[in-house]
Amino acid sequence: MSSAPCDCDLVVIGSGLGGLCCGALAARHGLDVLVLEAHDRPGGAAHGFERRGFQFESGPSLWSGLGRWPSTNPLAQVLRAVGESVPVVPYSDWGLLLPEGRLTVGVGAEPFRELVRQLRGPAVAQEWDAFLVALEPYCRATAALPLLALRPGLGMAGVLGVRGTGALLRHAPRLAALGGAFGPLARRHLRDPFLLHWVEMLSFLISGLPLDQTSAAAMATLFGEWFEPEACLDYPLGGSPAVVAALVRGLERHGGQLHCRSAVAEILVEGGRASGVRLEDGRLLRARRGVVSNASPWDTLELLDAQALPPRWRQQRAETPACASFLHWHVGLRGEGLDHLPIHHVWVGDWQRGITAERNMVVLSMPSRLDPSLAPAGHQVLHGYTPANEPWELWRDLEPGTAAYAALKAERCGIFRQVMEQLVPDLADRVVLELHGTPRTHQRYLRVQRGSYGPALGADQGPFPAGTTPIEGLVLCGACTFPGIGVPPVAVSGAAAAHSFVPAAAQRALLEELGLAAGPLSPVA
């Protein structure tokens with residue numbers, strides 16, 4: 001890599017999806033942007049890696065809204081803004097291994113309604129229909145929110161103007177409820193245990209939090225996309241690394257730069273203002289406009305002198321509760337005879353243990369079923385993970401490379417084979433490559449404290465904190481800031497961070513160019 005320049009307009013710390021969305025949009029607005037990444041490749045939790053011809057993903061598996069325009073997906077909107085897109089393969093089925101049995105269900109209202117009718121009878125199917133009818137206005141309200149209009153300290157109104165604000169006011173009665181948790185809304189209309197378990201499972205997959213703490217807006221957005229006519233999921237060809245590459249292209253197309261292997265040791269604060277960063281190799285990089293941190297709240301605090309922050313603000317961020325971490329399973333296997341399997345499976349062991357219980361949920365994805373380039377000919381690539389339910393405390397005192405660490409890794413990751421063998425009984429004979437990841441792996445490669453998925457900030461306690469800080473010119477983005485955890489929310493946070501350094505008029509001009517300034521993009525059926 002070439003040496004980083006000595007100064008720029010904006011330094012972005014971290015090249016997760018939030019940091020890349022911030023950097024690419026800021027460059028699109030004409031700022032001289034430098035994105036710094038400690039790892040040897042960009043993407044954060046969405047980066048990929050190769051082993052013996054198998055292309056593995058480290059992060060997101062479920063994508064939607066990337067293959068069409070207009071789209072309510074903020075990531076698709078950012079890509080559009082920077083002149084990029086990602087080719088996708090649409091698909092509509094996913095598999096379930098639940099206490100109720102082995103099931104396959106299509107995305108959308110009708111396939112799930114039929115599944116409910118078969119499992120629970122016509123009365124429960126009617127209960128679900130009534131829930132969707134009640135939820136529809138909230139889905140319309142979320143579709144009416146042009147999230148790229150968010151601006152720290154100004155809100156949407158100052159960017160959208162009278163016409164756009166009028167569109168929001170029509171949905172005002174429901175916007176307050178969308179600012180809270182989804183649990184009260186769901187429990188008001190659902191009584192059947194399976195339906196409540198189902199909604200809680202979806203909540204946990206999205207946020208790493210249970211139903212009563214997951215954002216109502218996030219869930220309404222999900223239902224709005226998944227229950228439209230012709231609803232589908234999108235798999236980006238090349239996986240999450242292809243999305244990362246598209247954002248990097250957008251950054252560089254507009255003059256921004258990405259530098260990997262450039263770990264930040266300190267955020268420089270001079271006269272109460274963020275003025276640049278010091279790298280671990282000693283280099284000082286000055287930022288004329290400011291600094292954006294895509295690191296976690298705990299790790300961002302480690303980059304700041306304690307005297308630069310008000311004690312109460314620092315304490316609040318330091319005490320941010322953390323979601324649990326992950327186990328990962330990356331497998332290359334002989335793939336003959338597996339074409340009947342859905343791309344994804346979600347396994348839940350026991351509803352009564354609670355959806356957040358450790359090793360009680362597993363997600364399995366075989367993306368090479370859609371994109372054969374991810375695996376050698378005749379083979380498949382498989383990624384499994386336990387979503388935000390692996391306790392850090394089990395791993396805290398173990399050093400990678402020790403016998404104790406290897407033994408615990410083998411024991412804890414055994415859950416993946418147990419689940420996958422329900423789908424592929426001869427799995428042991430097919431495996432040609434097998435890798436395991438733990439919370440310590442997360443901590444090492446993502447440089448996130450405790451290997452955490454992100455802040456465990458329940459929507460029942462209020463929204464995620466804004467990206468603003470007491471330090472002038474220092475803004476936060478990513479899963480630690482509003483709207484929260486997940487791909488669409490971090491894209492929003494990155495866009496908001498970029499726009500905090502851009503005049504409101506320029507932000508509005510971009511929204512008008514994208515067709516986002518006057519309200520909803522498309523109705524929710």
Side-chain angles (χ1 to χ4, degrees), residues 13-14 16-18 44-45 59 178-184 200-219 293-304 306 309-327 353-361 385-397 438-444 446-470 474-490 492-493:
I13 303 170
L17 293 180
L178 289 171
F182 193 58
E200 183 142 55
M201 181 190 78
L202 294 179
S203 298
F204 191 60
L205 284 172
I206 285 179
S207 69
L209 296 169
L211 173 63
D212 291 313
Q213 294 179 279
T214 297
S215 160
M219 291 301 290
S293 177
N294 187 208
S296 76
W298 316 285
D299 296 288
T300 299
L301 288 178
E302 294 296 320
L303 303 177
L304 288 162
L309 289 166
R312 179 171 175 78
W313 191 91
R314 184 179 184 88
Q315 181 179 1
Q316 287 175 335
R317 294 302 181 271
E319 294 175 352
T320 300
C323 288
S325 189
F326 288 66
L327 297 171
R353 288 186 63 208
I355 203 66
T356 63
E358 59 186 74
R359 295 194 301 173
N360 195 34
M361 180 189 287
Y385 61 90
T386 60
N389 59 21
E390 181 66 9
W392 166 255
E393 289 71 22
L394 294 174
W395 304 88
R396 178 181 53 207
D397 299 324
T438 74
R440 295 301 296 266
T441 315
H442 258 248
Q443 181 193 46
R444 175 186 175 188
L446 303 187
R447 295 174 72 99
V448 62
Q449 194 174 91
R450 299 162 56 96
S452 172
Y453 183 40
L457 297 171
D460 56 327
Q461 302 299 311
F464 267 63
T468 54
T469 74
L474 176 61
V475 179
L476 312 180
C477 74
C480 66
T481 62
F482 180 84
I485 292 173
V487 171
V490 300
V492 172
S493 75

Check your understanding: Would a distance-only check, ignoring hydrogens and angles, find a side-chain to backbone donor-acceptor pair under 3.5 Å from Thr300 to Ser293?
Key -> no
**Study point:** Side-chain donor or acceptor of Asp299 paired with backbone N/O of Gln449 under 3.5 Å
**Key:** yes
Practice item. For the residue pair Leu457 and Pro321, establish whether any side-chain heavy-atom pair is separated by less than 4.5 Å. Key: yes
Review point. Hey, is the main chain of Asn389 close enough, under 3.5 Å, to the side chain of Thr386 for a donor-acceptor pair?
Key: no
**Study point:** Heavy-atom side-chain contact between Leu327 and Arg359 under 4.5 Å
**Key:** yes
Review point. What heavy-atom pair brings Arg450 and Gln443 nearest, and what distance separates the two atoms?
Key: N-NE2, 4.3 Å
Practice item. Tell me, yes or no, whether the heavy-atom count around Arg353 atom CZ, taken from other residues, nucleotides or ligands under 6.0 Å, exceeds 12. Key: yes
**Study point:** Residues Arg312 and Gln315: side-chain donor-acceptor under 3.5 angstrom
**Key:** no
**Study point:** Exam field: side chain Ser215 to backbone Ala459, donor-acceptor pair closer than 3.5 Å
**Key:** no
Review point. Is there side-chain contact between Pro455 and Pro297, with heavy atoms separated by less than 4.5 Å?
Key: yes
Practice item. State, to 0.1 Å, how close Ile485 and Cys323 come at their nearest heavy-atom pair, and which atoms those are. Key: CD1-SG, 4.1 Å
Revision key, fill the gap. Closest non-hydrogen contact found for Leu309 with Arg314 is CD1-NH1, 3.5 Å
Practice item. Taking all non-hydrogen atoms of both residues into account, name the closest pair between Ser493 and Phe482 and its distance. Key: CB-O, 3.5 Å
Review point. Does Glu200 reach the main-chain N or O of Pro210 with its side chain, forming a donor-acceptor pair under 3.5 Å?
Key: no
Exercise for review: Under the side-chain hydrogen bond (donor to acceptor under 3.5 Å, both in side chains) rule, what do Trp395 and Glu390 come out as? Steps first, then yes or no, please.
Suggested key: CA-CA 9 Å; Trp395 304 88; Glu390 181 66 9; 2.9 Å; yes
**Study point:** Atom pair CZ/CD of Arg447 and Glu302 - distance to nearest 0.5 Å
**Key:** 11.5 Å
Check your understanding: Hey, does the side chain of Asn294 reach the backbone of Gly16 with a donor-acceptor pair shorter than 3.5 angstrom?
Key -> yes
Point to revise | Intermediate values then yes/no, side chain to side chain contact (heavy atoms under 4.5 Å, CB included), Trp313 and Leu301 | key: CA-CA 10 Å; Trp313 191 91; Leu301 288 178; 4.2 Å; yes
Point to revise | Asn360 side-chain N/O to Gly354 backbone N/O, donor-acceptor pair under 3.5 Å | key: yes
Check your understanding: Under 30°, 30 to 60°, or over 60°: which ring-plane class applies to Tyr453 and Phe326, parallel, tilted or perpendicular?
Key -> perpendicular
Point to revise | Interatomic spacing from OG1 in Thr468 to CG in Leu476 - rounded to 0.5 Å | key: 8.0 Å
Review point. What is the minimum heavy-atom distance between Ala456 and Ala322, and which atoms define it?
Key: CB-C, 3.7 Å
Study note, to complete from the structure: CD of Glu358 to CG of Leu394, rounded to nearest 0.5 Å, is 6.0 Å
Check your understanding: Given side chains that start at C-beta, do those of Gln316 and Pro465 come closer than 4.5 Å, heavy atoms only?
Key -> no
Exercise for review: May I ask you to test the Gln213-Ser207 pair for a side-chain heavy-atom distance under 4.5 Å?
Suggested key: no
Exercise for review: Using a 4.5 Å cut-off on heavy atoms from C-beta on, say whether the side chain of Val448 contacts that of Ser325.
Suggested key: no
Check your understanding: Under 4.5 Å between any side-chain heavy atoms of Pro387 and Phe204, yes or no?
Key -> yes
Check your understanding: Below 4.5 Å, heavy atoms only, C-beta onward: do Asp212 and Asp460 meet side chain to side chain?
Key -> no
Practice item. Report the C-alpha distance between Trp298 and Arg317 in whole Å, list the side-chain angles of each, state the deciding distance to 0.1 Å, and finish with yes or no for side chain to side chain contact (heavy atoms under 4.5 Å, CB included). Key: CA-CA 7 Å; Trp298 316 285; Arg317 294 302 181 271; over 6 Å; no
Practice item. For residues Leu303 and Ile13, report the shortest heavy-atom separation together with the two atoms involved. Key: CD1-CD1, 4.2 Å
Check your understanding: What's the spacing between Leu202 CG and Ile355 CD1 if we round to 0.5 Å?
Key -> 9.5 Å
